[in-house]
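In what follows, a single structure is set out as structure tokens and then discussed.
Keep in mind it's a predicted model, so treat the numbers as computed, not measured. FYI, side chains are in, hydrogens and waters are out, and symmetry mates aren't considered; it's all heavy atoms of this structure.
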Amino acid sequence: MRSQRRLAGPISRILQPIRGRLIVAAGLAGTGSMLTLVPLAGIARLAHIALDPALAHGEVWPVILASVACLFAGMALISLGELAAHLADNRLTHRLRLQAMQRLGQVPLGWFTSRASGEVKQAMQDDINTLHSLTAHFYTTTARAVGAIAISVIYLFAMDWRLALIAILPFPGFFLFFGRAMKASGGNMEQFVAGMGRINNAVVEFVNGIPVVKAFGATGRAHGSYRTAVDAFAEAFAAFTRPLVGSMANANALIAPVAVLGVVVIAGTVFVALDWMAPVDILPFALVAPGISAPMLLLHYLTHDLNNATGAAQRVQALLDTPVLAQPAPEEQQLPNGTEIRMDGVAYAYDGQHKVLSDITLTLQPGTVTAIVGASGSGKSTLARLLLRFFDPTEGRITLGGVDLRHIATPELYRRIGFVLQEVRLIHASVRENIALGRPSASAHEVEAAARLANIHERILALPRGYDAVIGEDAQLSGGELQRVSIARAVLLDPSVLVLDEATAAADAENEVAIQDALSRFARGRTLLVIAHRLDTIMHADHIVVVENGAIVQQGRHASLLADKGRYAQLWALGGYPASPEEVASPC
């Protein structure tokens, strides 16, 4: 009952599109299972005919033919049921993966920054695979087991209700021990599933961090989180299985075929001695009663699969229920008039609680360069991501050309605002496809022109297949080179507003020069928002904004900010820069 109540939640929602198909599949499999047991009754009947001269021997062939016909009909129905279940599973798997992909395409881009890739991978791949055992096997196998048990019990009671009662006595004892075991281990299921999730995340983090580990020799520390996750899972697994061992051993012993047969033989011998039954009447019980053990044990294993599927369904449903970025209705969509960007009283809090920005009021004039500076964790990148609509502000609004970003369709927004972030995100595809990701219809000439402007064209030509080389396969590019590919992608979109968030932070000196040169040419005539740690790279910006603890504490040009001797001057001094701007050479 507990399993059925749990089934009514996320699993019920997940299986809604194929529930009818699964019911049909279960009905076919259950009926087929019943028919395959008819030959056992046939054997018992043949024994009666052989041992009782009073019975007509002309019944032999009809009994044989009926038994064989039922056997093959049952096998055919079981096969049809399994086929129907697997077709339903294929339909559901396709539907879930498509829904997950569509959902992830609609969630705020900022959602991904707060999620480990292992979590998404577990829900989209591992958990959907786990549901396969539920949709393709659970219902048909359960129906087969229930059908076999039901027809066996009905047959035994039809033969002799007294011996039937004794023959099934071990099975209530099985449920007693089984229920105790499930109750004892059920409390540890959550820790068991959480441990699996931690291992997934630890593996992804460890693999992604291998280059750093090798470079800095931090092998012990790098292995530490993975070992901790494995040890925690081992403890959770032991806590989950320890209560099962003793109780399930007793339960399995109670309904072992030998034990059930022993009960039947002892009780049957007593019945024969009391002249309640003929010896041949014990044969149906000896043939059928021990056979109930296998489907009964199968139900136990299916319950375990159901517990796993329940957890998987919860995670998949949670992914499908992820809040999406609100899109304006067609009648509400507006087109910006110009490229002026205004932030009016903008505030943002992660998860609605941890406030990282408050009362940000700022204007980015068309064709100007605005630099956002501040210490790490001050809210600079969050501010940039709000402009890119990775998420919406919890207070205030941001407008582009006088239109609230929430009233601009996402494709229209990203045609006007481009970005180059510190974290490069390329897909497993050719270099050409990565550059043309935002404009798949771009010609080869346009793609190459964008690559030239990004200072990456010559490097791409040096690859084994040039622009057709696949990222991660025959296109082995450095971090700075991958960054220039992402710049080429932004160039191809030709946006009027450009957001740069530490685009050169992870590049070496040579790549940094190439990236800075590419960005300088690309930025001409565009409205720029630049996030920077190195103040010497933005000292010639038209407007510099200093952010501290999520609020603007200073803004102005470089010289006036230094003269104010406020937070900007402190940051400038901490960077070890000369005291006056005249002593600083122009940046690239």
Side-chain angles (χ1 to χ4, degrees), residues 338-348 355-388 393 395-402 405 417 419-422 496-505 516 519-520 522-588:
T339 60
E340 182 186 69
I341 296 173
R342 292 183 61 86
M343 299 183 182
D344 297 321
V346 169
Y348 182 75
K355 201 165 189 177
V356 291
L357 290 176
S358 59
D359 196 25
I360 300 294
T361 299
L362 181 65
T363 300
L364 279 66
Q365 296 294 343
T368 63
V369 178
T370 300
I372 308 293
V373 300
S376 296
S378 60
K380 304 186 303 298
S381 293
T382 301
L383 190 60
R385 281 158 174 73
L386 283 173
L387 175 57
L388 296 171
E395 297 176 23
R397 68 174 193 153
I398 303 175
T399 61
L400 171 63
L405 297 186
I417 300 182
F419 55 90
V420 180
L421 305 181
Q422 179 177 344
S496 53
V497 178
L498 184 61
V499 177
L500 304 176
D501 185 1
E502 285 299 312
T504 63
Q516 289 281 19
L519 291 175
S520 296
F522 178 37
R524 290 184 188 129
R526 290 179 169 82
T527 303
L528 257 69
L529 178 67
V530 181
I531 307 297
H533 285 292
R534 289 179 49 189
L535 303 188
D536 61 329
T537 63
I538 50 87
M539 59 177 291
H540 295 293
D542 299 298
H543 195 66
I544 300 174
V545 179
V546 184
V547 178
E548 188 75 16
N549 296 324
I552 296 177
V553 295
Q554 276 187 295
Q555 52 184 314
R557 296 185 67 90
H558 174 73
S560 62
L561 290 174
L562 280 184
D564 287 344
K565 296 182 180 180
R567 182 57 177 159
Y568 182 80
Q570 294 175 3
L571 292 171
W572 182 267
L574 289 173
Y577 303 116
S580 64
E582 291 77 10
E583 299 174 2
V584 183
S586 273
C588 297

If you define the side chain from C-beta out and look only at heavy atoms, does anything of Ile372 sit under 4.5 Å from Leu362?
yes
Heavy-atom pair with the smallest gap, counting every atom of Ile360 and Gly550
CD1-O, 3.6 Å
Could you tell me if Arg342 and Thr399 have a donor-acceptor pair between their side chains, going purely by distance under 3.5 Å?
no
Working to the nearest 0.5 angstrom, can you tell me the gap between Asp542 CG and Gln365 CD?
10.0 Å
How would you list, by chain and number, every residue that makes a side-chain contact (heavy atoms from CB on, under 4.5 Å) with Asn549, sequence neighbours excluded?
none
If you look at every heavy atom in Ser358 and Ala347, which pair is closest and at what distance?
CA-CB, 3.9 Å
Identify the two heavy atoms, one from Thr339 and one from Ser496, that lie closest to each other, and give their separation to 0.1 Å.
CG2-OG, 3.2 Å
Starting at OG of Ser381, measure out to CG of Leu388 and round the result to the nearest 0.5 Å.
10.5 Å
Do Val499 and Ile417 come close enough that some side-chain heavy atom pair is under 4.5 Å?
yes
Salt bridge Lys355-Glu395, side-chain N to carboxylate O under 4.0 Å:
yes
Side chains of Val547 and Val373, heavy atoms from C-beta outward: is any pair under 4.5 Å?
no
Kindly give the heavy-atom pair with the smallest separation between Gln554 and Tyr568, and that separation in Å.
OE1-N, 2.8 Å
Kindly compute the distance separating CZ (Phe419) from CZ (Arg385), expressed to the nearest 0.5 Å.
9.0 Å
Any side-chain heavy-atom pair of Leu357 and Leu386 under 4.5 Å:
yes
Does the side chain to side chain contact (heavy atoms under 4.5 Å, CB included) test come out yes or no for Val346 and Arg397, once each step is laid out?
CA-CA 6 Å; Val346 169; Arg397 68 174 193 153; 5.9 Å; no
Find out whether Thr370 and Val545 are in side-chain contact, i.e. whether some heavy atom of one side chain is under 4.5 Å from a heavy atom of the other.
yes
Using side-chain hydrogen bond (donor to acceptor under 3.5 Å, both in side chains) as the criterion, list what pairs up with Thr382, not counting sequence neighbours.
Tyr350
Is the closest side-chain heavy-atom distance between Met343 and Leu387 below 4.5 Å?
yes
Given Leu364, which of Leu400, Val369, Thr527 fulfils the side chain to side chain contact (heavy atoms under 4.5 Å, CB included) condition?
Thr527
Would Ile552 and Thr361 count as a side chain to side chain contact (heavy atoms under 4.5 Å, CB included) here? Give the steps.
CA-CA 8 Å; Ile552 296 177; Thr361 299; 6.0 Å; no
side-chain hydrogen bond (donor to acceptor under 3.5 Å, both in side chains) involving Gln555 - partner list, sequence neighbours excluded
His543
